[in-house]
Protein chains: 2
Amino acid sequence: MSSSQRPAAARAGRKRESSRTRLISAAAQLFQEQGFAATGLSEILDRAQTPKGSLYHHFPGGKAELGVAAMEAAGQVLQHTLTSRLESQGSAAGAIAAFADDLAGWLEGSDFSRGCPVATVALEQANGAPDLVAAIRGAFEGVIDALARQLVAEGTPAERARRLATLCLSTLEGALILARTQRSGAPVRMAGEELVNLLSA
Amino acid sequence: MSSSQRPAAARAGRKRESSRTRLISAAAQLFQEQGFAATGLSEILDRAQTPKGSLYHHFPGGKAELGVAAMEAAGQVLQHTLTSRLESQGSAAGAIAAFADDLAGWLEGSDFSRGCPVATVALEQANGAPDLVAAIRGAFEGVIDALARQLVAEGTPAERARRLATLCLSTLEGALILARTQRSGAPVRMAGEELVNLLSA
DNA sequence: CCAAAAATAGACCGACCGGTCTATATAGAC
DNA sequence: GTCTATATAGACCGGTCGGTCTATTTTTGG
């Protein structure tokens with residue numbers, strides 16, 4: 001997969017941020033803001049300050065392969081953010097509250113350009129390339145798993161934990177849609193509060 | 001806006017379905033499935049069985065104007081579906097249960113191609129043309145209003161009713177994202193069940 | 001230091017994009 | 001029937017799309 005493409009410099013673990021990394025984060029940002037189809041290669045290349053040759057060197061599969069890498073990276077950001085909140089807060093309810101605040105903050109700090117880094121592509125490419133869909137599914141799955149694991153640790157039965165975790169992610173994702181169209185963080189913060197009530201009960 | 005474009009035949013209220021109507025519903029379907037940017041005019045024209053000249057006759061503003069009309073139409077479908085469920089069920093909780101089943105049914109019946117008719121465009125065009133965003137915001141607002149009104153009628157304080165209605169829509173929208181990527185109606189049905197619990201409490 | 005590999009650089013390509021324009025057909029008013 | 005909207009029809013346009021290809025520069029292992 002994409003990991004087999006990683007160049008020697010990255011494997012060695014030092015040197016400055018490679019053009020490969022810049023491409024992934026530029027693509028991830030643009031896909032998050034406006035989706036996969038609406039983002040042209042030239043736009044990605046401009047933002048990453050990279051010529052076309054480098055893109056096709058690192059990603060022979062072109063835009064499709066870059067899309068997969070971007071969704072994997074976005075999923076890891078999401079999962080890492082939630083995991084660190086779980087650790088710092090110690091409870092699922094607390095982590096959800098903090099996570100919702102994180103999301104609302106990202107949104108407001110980007111002038112409502114950046115909601116979920118995965119959701120836009122998830123919807124428009126739901127019938128698209130299977131490996132892209134798989135990367136997106138994996139991103140969501142990682143978040144659900146992390147949250148469900150904490151719930152189980154708090155004594156919730158496994159099946160109920162998965163249901164609750166899925167519900168939490170659903171609610172936050174949907175709130176992010178409304179928040180972007182309303183240009184207000186309120187739906188996300190409110191969703192966080194209601195989920196805390198639910199998890200505390 | 002778009003209503004000023006309506007041709008004489010439609011105003012008179014008879015004759016068969018006009019090409020204008022076919023264009024709107026073809027566009028709405030395609031935008032729902034794959035988004036605005038990913039859908040070419042040629043695709044819309046093919047599905048509507050209409051030549052390009054007709055499109056630019058009915059929608060001088062081109063794809064952008066058609067997009068607004070499609071989102072308005074999609075919003076009305078959504079609002080009408082919920083309203084009729086509110087009437088038939090008599091309670092907000094019952095209507096949400098039925099509405100969630102409707103959404104899950106649409107999804108499964110279309111091989112997971114059709115989730116929310118508005119959400120895909122909402123995300124990818126959140127920073128796009130203001131009138132398109134306004135149409136989308138109006139669509140969501142109509143759903144929230146209808147649900148909140150019922151909650152108020154059941155005795156919920158107005159402010160709390162809006163919060164709950166927004167939460168319901170958020171949860172269902174998010175569940176539709178997960179459902180499409182997982183190719184399963186389960187997240188939507190589960191979200192409906194949990195929302196019923198919440199509203200009944 | 002040098003050969004080989006990796007990465008950068010961008011000109012170039014055919015396909016398709018949304019949009020314009022002119023010509024023709026169809027319908028309603030009188 | 002004729003005149004005039006209205007609507008249909010599609011050839012055509014410049015621009016941009018994703019992708020390929022060759023040449024050059026940079027890095028690296030010996």
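Just so it is clear, the structure is predicted and the values come from calculations on it, not from any experiment. So that the names make sense, note that chain A is the first sequence line, chain B the second, and so on, each numbered from 1.
Residue A:Leu169 holds its CG atom at 7.5 Å from CG of A:Leu78, rounded to the nearest 0.5 Å.
Scanning residues 46-56 of chain B for heavy-atom distances under 4.0 Å to DNA chain C yields B:Lys52, B:Tyr56. Less than 4.0 Å separates DNA chain C from no heavy atom of any residue of residues 122-134 of chain B. At a non-hydrogen distance threshold of 4.0 Å, B:Thr39, B:Gly40, B:Leu41, B:Ser42 from residues 24-44 of chain B come into contact with DNA chain C.
Glycosidic conformation at D:dA11 (O4'-C1'-N9-C4 for purines, O4'-C1'-N1-C2 for pyrimidines): anti, more than 90° from 0.
Picking from D:dG19, C:dG19, D:dT6 the nucleotide with the shortest atom distance to the side chain of B:His57 gives D:dT6.
Within the 4.5 Å cutoff, no side-chain heavy atoms of A:Gln125 are placed close to those of B:Gln34. Using a 4.5 Å cut-off on side-chain heavy atoms (C-beta onward), B:Ile177 and A:Phe140 make contact. The shortest side-chain heavy-atom distance between B:Leu151 and B:Leu199 falls under the 4.5 Å cut-off. Within the 4.5 Å cutoff, the side chain of A:Ile96 has heavy atoms near those of the A:Leu147 side chain. For the pair A:Glu173/A:Val118, no side-chain contact is recorded, criterion being any heavy-atom separation below 4.5 Å from C-beta on. Between B:Leu178 and A:Thr166, the closest side-chain pair of non-hydrogen atoms falls below 4.5 Å.
With a 6.0 Å radius and a threshold of 12 heavy atoms from other residues, nucleotides or ligands, A:Glu43 has its CD atom above the threshold.
Here C:dA7 presents its P atom at 11 Å from CZ of A:Phe59, a figure rounded to the nearest Å. For A:Leu66 and D:dG19, the CG to P distance is 10 Å, given to the nearest whole Å. Rounded to whole angstrom, the span from the CZ atom of B:Arg22 across to the C1' atom of D:dA9 amounts to 13 Å. In this entry the distance linking CG of B:Leu45 with P of D:dA7 reads 16 Å, nearest Å.
Using a 4.0 Å cut-off, no side-chain N or O of A:Ser18 falls inside it from OP1 or OP2 of C:dA7.
C:dC13 is paired with D:dG18 under the Watson-Crick or G-U wobble criterion, all donor-acceptor distances under 3.5 Å. Of all nucleotides present, none satisfies the Watson-Crick or G-U wobble test against C:dT26 with each distance under 3.5 Å.
Salt bridge status for B:Glu194 with A:Arg160: present, with a side-chain N to carboxylate O gap under 4.0 Å. A salt bridge links B:Arg162 with B:Glu141: the closest approach of a Lys/Arg side-chain nitrogen to an acidic carboxylate oxygen falls below 4.0 angstrom.
Side-chain contact check for A:Arg47 and A:Gln29: at least one donor-acceptor pair (N or O, by modelled atom type) lies under 3.5 Å.
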